[in-house]
Structures are given as C-alpha cells and as structure tokens.
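Worksheet for the structure shown next.
In this text the structure is predicted, and so the values were computed from the model without any measurement. FYI, the numbering just counts along the sequence from 1.
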Amino acid sequence: MPKEYKTIKEVAGPLMLVEGVEGVTYDELGEIELANGETRRCKVLEIDAGNALVQLFESSTGINLSESKVRFLGKSMELGVSEDMLSRIFDGLGRPIDDGPEILPEARKDINGLPMNPAARNYPQEFIQTGVSAIDGLNTLVRGQKLPIFSASGLPHAELAAQIARQAKVRGTNEQFAVVFAAMGITFEEANFFIESFRDTGAIDRSVMFVNLANDPAIERIATPKMALTAAEYLAFEKDMHVLVIMTDITNYADALREVSAARKEVPGRRGYPGYMYTDLASLYERAGRQKGKTGSITLIPILTMPEDDKTHPIPDLTGYITEGQIILSRELYRKGIAPPVDVLPSLSRLKDKGIGEGKTRADHANTMNQLFAAYARGKEAKELMVILGEAALTDMDKLYAKFADAFEQEYVSQGYDTNREIEQTLDLGWKLLKILPRSELKRIKDEFLDKYYGEE
C-alpha cells in the first residue's frame, strides 16, 4: 500500500506542494484523497530533497490542506492497451467516453514511450493513398512519414483531417490499416464533427479516438498525444498494423506547455514558449516511423493552426525542422471557394520521390508532378502580370498558362471533402489539364509518356 502524506503545504492554481516525502520520483503519478473521500489525480513536476511539487489533472477546488491525503503510486502515467480499443472513443487521459465498457488491457504501457533507435529505422518508401489529389499527386504521403498540415484560424483543416482519416489506405494489399485520432483543446462542436463524421462513414470501426476538449485541464492536453502515440505503437509494432496518426491541434498542445511552464515559473523562450519546446515536439513526432523486423508502421499527420498566419511562429517553425515537409492551406484559395484550399507551391513532401513511380503509383508520376508544379508556377506569375499590366500585355502563351492555373485550382486542387480519387484518376486529371498547353511546352516529361498519354498535337 503506498504511503499516505498529510503534509500538503500550499495549493496555488493547478500546483500543490507536499513536504516530507520519501522515495518519490519525477513524473510519478499520485492521488489526492479529499476529506469527503473523493480522489483526484496528479503528477510530480519537481522534486527537491523532501519536497514534491505536483500538478493536478483536475481542479484544485475544495482541497483542504489539513484534511486531504496524498499517495504516490510509484509509476508514471500508463495506458492499458488492447485491440478492443479500435472503434472506441477516449478522453485525453485514456478513459472511455463513448458509454462503452472499460477496456480489459492486454498490457499497460508507459505513455512516454521509448525513442526509436535511428539504426533500427526502415526508410519510408511505400505510397499511402489519401484520395486527395493535391497530396497524392504533388506532395505524396509515404508510410512512416511525418507530414504536418499548416493551417490557420478559420480554415477547414478539420474537414481535410476527417477526409484523410476516412479515405487513407495502403493500396493493393490486405494489410490491416488503422487510424489513431488525437484531438487537443478543440471545442465540443469540433469534437462532435469528427465523431459524427467517423461514425457516418464507418471509419470509426478502424479508428481509436482520443478527445481532449478546450475546457479540459492543460495537463490532460499534454498527455493526450502521448496516449494516442502509445496506442499507435501497440497497434503498429505488436499487432502489425499500418497506423495513421492524426493530431489536431498542435498549437493548443504548445499553448498548454507554455501554461504549465509559466505556472512553474520557468524562464520563457521565444514568444513565451518554454525553451525545451523543440525537444518536446521532437519526442512526439519521432515516435512515428517504421522499425526493422516489424511489419507495422506509424505515419503521422500533425495539424497546427499558425497564429496570425505566420509561418515563422515558433510552433510551425520548429515543426518544420523535425518533420519531412508540410502541406500548407491558403486563405486566398479558401476565399476563392477552393476545397481543400491546399497551396501546392509552398507545400512540400520531402519523401515524395520515394513513394511514387513504377510499381508504387505509375511510371509517369514523377514527370507529370514536376510539369504540373512548373506550369502552375508560371501560370500564377502570368496572372499577377495580368493584374498589374492588364491582359493585353500578355503573350498568347502567357494567357494559356493563366488559363491552366485557373483550371488547375478549380479541377485538380478543388475536389470537395467527399470525393475519394484513386491515384490513376489524379494522374489522368493531371494529363487532361496539361493538354491545355502545347506539347512543345511540356519539357519536363519524357517523350515515351507524352506519346502514351498526350498523343500528337
């Protein structure tokens, strides 16, 4: 039986100081028993000689210093894992909130996980089809990759996340595919949107959801992505599944880190975020990947809203350093009614070359991808010139490129949130658009593919 302490010295907001403790360690879980028998959970933030500074998961209201007891449980936070987690919905601390029964765990895992040894990693190279042309065709997602979505306040990242979660699959195999979805600090309305969306399409059957609402405590928000990744590691590396982890919104997670850091009176770093935020985010993102000798894999799509649409803000900035690219949503495209409003030019998947081509997607994929990028970039330049100089100043070829850019946005990028395109449909659509331009302009595509898909002029 853990030793009980009645030596609570003070309570300040979510923090509590307990004196005269023995053998207590950093990050250890504890329980506070109030005078009326109610228990609340806490964890050790700091230990100094016989004093423990603990943080409460629930509110500190009603804690009486002289009558409340604290027990330290001798372990850090754990999640009970089992295959029964699929199709279930949990709160940020791993407790069921879907009126279903408690999970009978096959094992209990420390939620902090173990970093993957770089030498034990396999290189990501298998294509994952999301059914979204702007991602599959131009910024291809590869199994084991970390590919964040940079969004901004008011943009439809929730709709895109739900679409990817419903549609994503590994093609041409019977391998088991699961989605682990972690929502941090979102509103009840958003949480309801995700849950209903998953239920309506049957995607819930292969999903595990962890939902932390905006009114839940900050310390729970910090635990939520770790819970999700622990469930993903179990499904991927012990049950041989290919797991797609979607986390939204990393900005809320980082704000919770800042809140806890400020409560501990730590020296702030950039814009008030703790100096260890890079390390903290890396400890989450680097849990994705493929391990040698293991069939399963974890692919990670973290979603973050850039404060004030600023790419140089610490959260997108640090995320960009750790991950392999980014998908950027554009307010300008959103205003034009493009859905999803993916801005393909600044978006990037650093591993896309590894997941495309013969045997993975189609032999012409790399050529057409480069040509579409180049043509769209030139078309946008032509449209900018048109705004400044008027249409009369453009050459006939510039006008064709401007026409291509408009058609590209309206037909290729914009597909709505219910359309699930096979990669062949995406590639064929790319060829249809490239036919707006004369064959002589398609300098980035080999003749053999031009002969096969473009035909004679």
Side-chain angles (χ1 to χ4, degrees), residues 1-2 25-33 38-44 55-58 71-116 165 175-184 191 194-195 198-199 203-213 216-217 219-247 283-284 287-289 291 293-300:
M1 188 70 185
T25 56
Y26 171 72
D27 219 23
E28 190 173 329
L29 273 188
E31 281 180 347
I32 303 143
E33 191 179 318
E38 183 191 341
T39 60
R40 294 183 190 166
R41 299 205 281 179
C42 59
K43 82 168 185 173
V44 178
Q55 173 144 26
L56 299 151
F57 285 111
E58 292 95 352
R71 291 186 289 274
F72 293 101
L73 305 178
K75 61 181 184 184
S76 57
M77 199 163 207
E78 293 177 332
L79 175 68
V81 290
S82 145
E83 274 193 81
D84 296 339
M85 297 175 85
L86 287 165
S87 81
R88 298 295 305 277
I89 304 167
F90 303 90
D91 69 2
L93 294 177
R95 297 172 295 210
I97 52 171
D98 54 4
D99 299 330
E102 288 287 327
I103 294 289
L104 294 173
E106 280 184 21
R108 301 197 76 83
K109 304 272 186 190
D110 183 336
I111 66 162
N112 295 306
L114 290 169
M116 215 184 285
E175 292 167 336
Q176 291 177 288
F177 194 82
V179 175
V180 175
F181 189 88
M184 295 159 277
F194 283 119
I195 292 167
F198 279 36
R199 280 192 173 137
I204 190 89
D205 295 341
R206 56 176 184 140
S207 306
V208 186
M209 297 184 79
F210 292 86
V211 179
N212 162 272
L213 296 174
D216 290 331
I219 190 78
E220 180 180 313
R221 199 155 305 144
I222 292 172
T224 306
K226 296 175 181 166
M227 289 277 174
L229 285 160
T230 305
E233 282 168 349
Y234 168 77
L235 293 172
F237 303 132
E238 293 186 27
K239 296 296 170 187
D240 295 337
M241 292 185 179
H242 295 291
V243 185
L244 176 67
V245 181
I246 297 178
M247 300 202 278
S283 71
L284 292 181
R287 288 170 74 173
Q291 282 185 17
K294 302 277 176 76
T295 324
S297 63
I298 298 177
T299 307
L300 179 63

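Glu28 and Thr25 get closest at one heavy-atom pair: OE1-N, 2.9 Å. Taking every heavy atom of both residues into account, Ala165 and Val179 meet most closely at O-CG2, 3.6 Å. When every heavy atom of Ser76 is checked against every heavy atom of Asn112, the shortest pair comes out as OG-ND2, 4.4 Å. Pro105 and Arg108 make their closest contact through CG-NH1, 3.6 Å (heavy atoms, listed as atom of the first residue, atom of the second, distance). Minimum interatomic distance between Lys294 and Phe237 (heavy atoms only, all atoms of both residues): CD-O, 3.6 Å. Counting all heavy atoms, side chain and backbone alike, Leu235 lies closest to Leu86 at CD1-CD2, 4.2 Å.
Between the CG atom of Asp27 and the NZ atom of Lys43 there is a distance of 4.0 Å, given to the nearest 0.5 Å. Atom CD1 of Ile219 sits about 3.5 Å away from atom CD of Gln55, to the nearest 0.5 Å. With rounding to the nearest 0.5 Å, the separation of CD in Glu58 from CD in Glu38 is 8.0 Å. Taking CG of Leu73 as the start and CD of Glu31 as the end, the distance is 5.0 Å to the nearest 0.5 Å. In this structure, the separation between CZ on Phe194 and CD1 on Ile89 is 12.5 Å, given to the nearest 0.5 Å. One finds the CE atom of Met85 at 12.5 Å from the NZ atom of Lys239 (value rounded to the nearest 0.5 Å).
None of Leu213, Val211, Ile97 except one satisfies the side chain to side chain contact (heavy atoms under 4.5 Å, CB included) rule with Asp91; the exception is Ile97. Checking each of Arg71, Arg41, Arg40 against Glu33 for a salt bridge (charged side-chain N to carboxylate O under 4.0 Å, His left out) leaves exactly one that passes, namely Arg71.
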Worksheet entry | Worked check of side-chain contact (heavy atoms from CB on, under 4.5 Å) between Leu284 and Leu300 | CA-CA 10 Å; Leu284 292 181; Leu300 179 63; 6.0 Å; no
Fill in: Step-by-step side-chain contact (heavy atoms from CB on, under 4.5 Å) determination, Val180 to Tyr234
CA-CA 11 Å; Val180 175; Tyr234 168 77; over 6 Å; no
Fill in: From CA spacing to verdict: side-chain contact (heavy atoms from CB on, under 4.5 Å), Val81, Glu233
CA-CA 10 Å; Val81 290; Glu233 282 168 349; over 6 Å; no
Item to complete: Apply side-chain contact (heavy atoms from CB on, under 4.5 Å) to Ile298 and Arg287, showing your working.
Response: CA-CA 8 Å; Ile298 298 177; Arg287 288 170 74 173; 5.8 Å; no
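Side-chain atoms of Thr230 and Phe210, non-hydrogen and from C-beta on, never get closer than 4.5 Å to each other. Between Met77 and Leu93, the closest side-chain pair of non-hydrogen atoms falls below 4.5 Å. The shortest side-chain heavy-atom distance between Glu106 and Asp84 does not fall under the 4.5 Å cut-off.
Between the side chain of Glu220 and the backbone N or O of Pro217, no donor-acceptor pair lies under 3.5 Å. Arg88 places no side-chain N or O within 3.5 Å of a backbone atom of Asp98 that could act as its donor or acceptor partner.
Between Phe198 and Phe181, the two ring planes are perpendicular [angle over 60°; tilted spans 30° to 60°].
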